[in-house]
Amino acid sequence: MLREEDPPDDLVLVIRACPATRPECVADIVADALRSGRLYVVADPNGRREVLFGISVFARRPGVALVEILARFDMAPAYLEAAVGSLRAAGFGLLPTGVNPDHDDVQLVPGQREEDLEPLAAIRGAADRLVAVAGDLRSNPAYAGVSGQPSEEPS
Amino acid sequence: MTQRAENPWLVEDVDQELVERLAALHTPNPRALEMGVDIVGDPHREDDAGHNWAVLSDARSVREVVPGSAVVLGSSIGRYLAKVVSWDFEVSDEDPIVTLELLPVRPSEVERLLGRNRNPAA
């Protein structure tokens, strides 16, 4: 289900709550996009079906505390965020999916048909680019640690 | 299948025959075994209804993730308690989407809570 809205360029999105390292974060994104692509399709702007190699991201609206968005991910030491405009400038499509008005999917590899081979290399490349666009891993302010212990610093 | 929601693919209550058929086809998910969890997933995922989801092949055992079950979901960023809401067969008859509601309490909190509320010794 696509909502009829167009997220503004200056809206910040929480891309991902992550393990402590970038490679782990990229691996998670690849795995999630692959799983999505094996199950979901969406209609492209011309109404043609394309595979959704999507990852769920969450809007960080003005006035909403970051810790509120990340509370659900309080076992993750790090997170990534990026503005909608940065993602678009890097070529990523943003799809407002589902009933949650703060939930969107970032389409990692657009234009793939259901009969196409799974574009694993392209997905890996897109996950790398996405993490690069988001910049450094940031410390998760909601992080409670495993068993409440202090964490390693994100790398 | 004894009860269906509006979406005919969405099964909220399964009969034992279906569970046994799928269990016979199932191979325990290696990551679920390794992590010691009922099902492996990603807590970020949201479906159209706002539920988290995985697929049945991500589970350790079919019988432990039937709709209505409480499960532990394992991910790269920790374990989550979840309730299985439904199985969705739209994409596959043999590997349905497992729709989950993540519960806002950590497994470690539950362990602690149960630990301090044991029945007094007889």
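Everything numeric in this text was worked out from a predicted model, so none of it was measured. Numbers restart at 1 for each chain; the letters A, B, ... are given by sequence-line order, proteins then strands.
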Problem set entry | Structural part of B/Pro104 lying under 4.5 Å from a heavy atom of chain A |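 B/Pro104 has no heavy atom closer than 4.5 Å to chain A.
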Problem set entry | B/Arg112 versus chain A, the contacting section by heavy-atom distance below 4.5 Å |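 Neither part, no heavy atoms under 4.5 Å.
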Exercise. According to the interplanar angle, ranging from 0 to 90°, do the rings of A/Phe73 and A/Phe58 count as parallel (below 30°), tilted (30 to 60°) or perpendicular (above 60°)?
Worked result: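 Tilted: the ring planes of A/Phe73 and A/Phe58 meet at 30° to 60°.
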For this session: Flag the one option from B/Asp95, B/Asp47, B/Val55 with the top tally of heavy-atom pairs under 4.5 Å to chain A.
Result: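 Top option by heavy-atom pairs under 4.5 Å: B/Val55.
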Using a cut-off of 6.0 Å, state whether more than 12 heavy atoms not belonging to [X] lie near its atom [atom1].
X	atom1	value
A/Glu115	CD	yes
B/Glu17	CD	no
A/Arg124	CZ	no

Exercise. By number, which residues in residues 86-110 of chain A have some heavy atom less than 4.5 Å away from chain B?
Worked result: A/Gly98, A/Val99, A/Asn100, A/His103
Exercise. When you look at A/Arg16 and A/Cys25, which way does the side chain to side chain contact (heavy atoms under 4.5 Å, CB included) test go after all the steps?
Worked result: CA-CA 8 Å; A/Arg16 197 89 191 158; A/Cys25 194; 4.0 Å; yes
For this session: Give the minimum heavy-atom separation between A/Ala59 and A/Leu13, together with the two atoms involved.
Result: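 Scanning both residues, the minimum pair turns out to be CA-CD2, 3.7 Å.
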Seminar exercise, completed: Minimal heavy-atom distance between B/Val65 and B/Trp87, with the atoms involved, is O-NE1, 3.0 Å
Exercise. With the 4.5 Å side-chain cut-off for hydrophobic clustering, are A/Ile55 and A/Leu137 part of the same group?
Worked result: yes
Exercise. Relative to chain B, which of A/Asp28, A/Leu2, A/Leu39 shows the most heavy atom pairs under 4.5 Å?
Worked result: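 Winner by heavy-atom pair count: A/Leu39.
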